[in-house]
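Here the structure comes first, spelled out in structure tokens, and everything after it is commentary.
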Amino acid sequence: MRMLAFARRNLMELIRDPLTLFFGAAFPLVLLGLLSAIQRSVPVPLFEINALTPAIAVFGQSFLTLFAALLIAKDRASALTQRLMASPMTGADFMLGYALPLLPLALLQALLCLLAGAPLGFSLAHLPGTLAVLMVSALFYIALGLLFGSLLNEKQVGGVCGALLTNLSAWLSGIWFDVRLVGGAFAAVANALPFLHAVEAARAAAVGRTGVWGHLLPVAACAIVLLAVAAWAFLRRMRGGKR
Amino acid sequence: MNAIETRGLTRRFGAVEAVRSLNLIVPEGELFALLGVNGAGKTTAIRMLCGLLPPTSGDALLLGRSITRESAAARALLNVSPQETAVAGGLSVRENLRFIAGVYGMDRRAASDAAEAMLERMGLTEVAGRRAKTLSGGWQRRLSIAMGLISRPKLLFLDEPTLGLDVLARRELWRVIEGLRSEMTIVLTTHYLEEAEALADRVGIMAKGTLKALGTPAQLVSQSGCASFEDAFVALAAGEEARP
């Protein structure tokens, strides 16, 4: 009950913020349209619609990190969190209350992106499986946001999640270029991080290809670890009296 | 039963002892005011009692529940209205009240009923549908206190409840606080001495992290040998602060 009340409040705060609507829904669709137009003029295998659509859906999830981190960082700076920390809410109530409202937003975001790809030629034959895979990567991006929001202040979140993370996740995910073409340390780093695996899992699921689990498991493992670390960091900062 | 019983409650920040071995008893039903100049340790003491800051040593019992060993149970008995207005800006006044009722375990129907009753009681009905961030400071403060009351706490901490309010809004909140004294134990921190004198059954004066004086406003005036409560406070608190 406590967690659901908190989750409801967070959902209302999120959907009443125009930033959420633009970056969560509109921006990935704009990118999809632009890159499809480029693909029509200069065909590149990477931007073929069945590869591009799930990749853009994953890229859009990097904004979930920003939303989650901003919400927590703002809350941490406000007296409202003092009130909540003095209530019987537990660490699990806080983390689930922040994470849960982002899941329906993530589902809506992914669904919109995949459906928008359909008129451009994206096959919806594997829609349920692709959505399921995208929800796992969404959990990873949300967990990352919970951690950053627990550690950084609002201004730092803007820089780290708004600029740095969206760029890093774009470069290291193989959405815009094939990391194998760069090779060396860059490819090794990209393979060691979950961004590339999130995109590859979604691409494989979108066309019903095998190998989804091999990419998805490391993403799921990272999400679980990040959630645990975020809960620890949040409670340590708040109950330790640091904001 | 005592509402608050602290036993050597201490909090250090590095080499600085913000609260030093605080031993204080507040009986159930009392309106207790904690006074002190800036840095005296009163906010740190309140933060420890509310579970916002772990003590370095010592303990406190809130209605018999230890804040160190039974933190969740202790927190279920209290509510707080922090110094800064603690509202969810994107939610309406009514939604804020329902939200906090839910956080304290009420189901949706009970939370909705409690919110409507609190809107009426605190005179918030006319702004019930407005987003909290669009309200004036006075309305926000009133909402913040209403959010502190909606869980029907046995122990309510009011940290500077009238800070920044004009005299009319302050007197109106005094009236509200007066109306609560029969229902719960209230711990009030304030910089307004006339507020403590008008409202509190007993006053504790902190300086340099320790409790320097404790008693009714009349007792403190008498103890200090001063003519007024303000002079008594200066003698008991500021005098201590001024010493090396």
Side-chain angles (χ1 to χ4, degrees), chain A residues 1-21 24 67-68 70-98 100-102 105 154 231-232 234-243, chain B residues 11 13 18 43-44 46-55 62 67 71-92 95-96 98-108 110-111 131-133 140-141 144 147-148 150-151 153 155-157 159-160:
Chain A
M1 188 57 64
R2 291 187 302 254
M3 185 276 289
L4 288 178
F6 185 53
R8 215 165 18 243
R9 172 261 168 174
N10 292 331
L11 181 63
M12 285 193 277
E13 293 272 7
L14 282 167
I15 61 178
R16 288 173 182 176
D17 185 352
L19 182 82
T20 313
L21 298 176
F67 303 152
L70 271 179
L71 184 63
I72 297 182
K74 279 184 190 171
D75 274 358
R76 276 180 40 234
S78 81
L80 180 67
T81 302
Q82 287 182 44
R83 181 192 286 289
L84 296 175
M85 294 299 288
S87 79
M89 281 183 65
T90 63
D93 290 333
F94 274 103
M95 283 300 113
L96 288 172
Y98 279 124
L100 279 186
L102 284 156
L105 291 182
E154 193 181 341
W232 173 80
F234 181 82
L235 286 180
R236 185 168 184 272
R237 289 183 81 88
M238 298 312 298
R239 294 232 194 274
K242 297 174 191 170
R243 284 202 239 166
Chain B
R11 176 68 200 199
F13 296 102
T43 298
T44 302
I46 297 295
R47 285 172 63 81
M48 283 192 283
L49 292 174
C50 292
L52 297 171
L53 196 62
L62 305 184
I67 61 166
S71 176
R75 280 184 280 125
L77 301 169
L78 66 89
N79 206 325
V80 59
S81 179
Q83 187 177 124
E84 299 156 64
T85 307
V87 300
L91 268 55
S92 72
E95 288 166 344
N96 264 288
R98 286 179 182 168
F99 161 45
I100 295 299
V103 160
Y104 278 83
M106 291 187 207
D107 63 32
R108 289 189 81 158
R131 300 254 177 109
K133 64 184 171 192
Q140 285 195 2
R141 192 60 61 89
S144 189
M147 290 162 75
I150 198 160
S151 63
L155 179 55
L156 178 66
F157 290 92
D159 193 5
E160 303 280 0

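Residue numbering restarts at 1 for every chain, and letters A, B, ... go by the order of the sequence lines. As a basis for the values below, the full set of heavy atoms in this structure was taken, side chains included, without hydrogen atoms, waters or symmetry mates.
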Where on B:Arg98 is there a heavy atom nearer than 4.5 Å to chain A: the side chain, the backbone, both, or neither? neither
My understanding is that only residues two or more places apart in sequence, or in another chain, count here; which of them pass ring-ring contact (aromatic ring centres under 6.0 Å, His included) with A:Phe67? none
Measuring heavy-atom distances to chain A, does B:Ser144 have an atom under 4.5 Å in its side chain, in its backbone, in both, or in neither? both
Which pair of non-hydrogen atoms, one from B:Val80 and one from A:Ala86, has the smallest distance, and what is that distance? CG1-CB, 3.6 Å
Check step by step if side chain to side chain contact (heavy atoms under 4.5 Å, CB included) holds for A:Met1 and B:Met106. CA-CA 7 Å; A:Met1 188 57 64; B:Met106 291 187 207; over 6 Å; no
Max heavy-atom pair count under 4.5 Å with chain A, selected residue of B:Ala76, B:Ala74, B:Ala72, B:Ala73: B:Ala76
Kindly compute the distance separating CD (B:Glu84) from OG (A:Ser78), expressed to the nearest 0.5 Å. 8.0 Å
Using a 4.5 Å cut-off on heavy atoms from C-beta on, say whether the side chain of B:Val87 contacts that of A:Leu80. no
Donor-acceptor under 3.5 Å (A:Arg9 side chain, B:Phe99 main chain): no
Select one option (side chain, backbone, both, neither) describing which atoms of B:Asp107 are under 4.5 Å from chain A's heavy atoms. both
Derivation of the side chain to side chain contact (heavy atoms under 4.5 Å, CB included) call for A:Gln82 and B:Arg47: CA-CA 9 Å; A:Gln82 287 182 44; B:Arg47 285 172 63 81; 3.7 Å; yes
Chain A contact via B:Ile100 - side chain, backbone, both or neither, heavy atoms under 4.5 Å: side chain
Rounded at 0.5 Å granularity, tell me how far OG1 in A:Thr90 sits from CZ in B:Arg75. 8.5 Å
Okay, side chain of A:Arg16, backbone of B:Gly90: is any donor-acceptor separation there less than 3.5 Å? yes
Heavy-atom pair with the smallest gap, counting every atom of A:Pro88 and B:Val103: CD-O, 4.4 Å
Top contributor to chain B interface from A:Arg8, A:Lys74, A:Met3 [non-hydrogen pairs under 4.5 Å]: A:Arg8
State the CG-CE distance between B:Leu91 and A:Met12, to the nearest 0.5 angstrom. 4.0 Å
Can you see which heavy atom on B:Gly89 is nearest to which on A:Glu13, and at what distance? N-OE2, 3.8 Å
Using heavy-atom distances under 4.5 Å, tell me whether A:Arg83 contacts chain B through its side chain, its backbone, both, or neither. both
Where A:Ala79 and B:Pro82 come nearest, the two heavy atoms and their spacing: O-CG, 3.8 Å
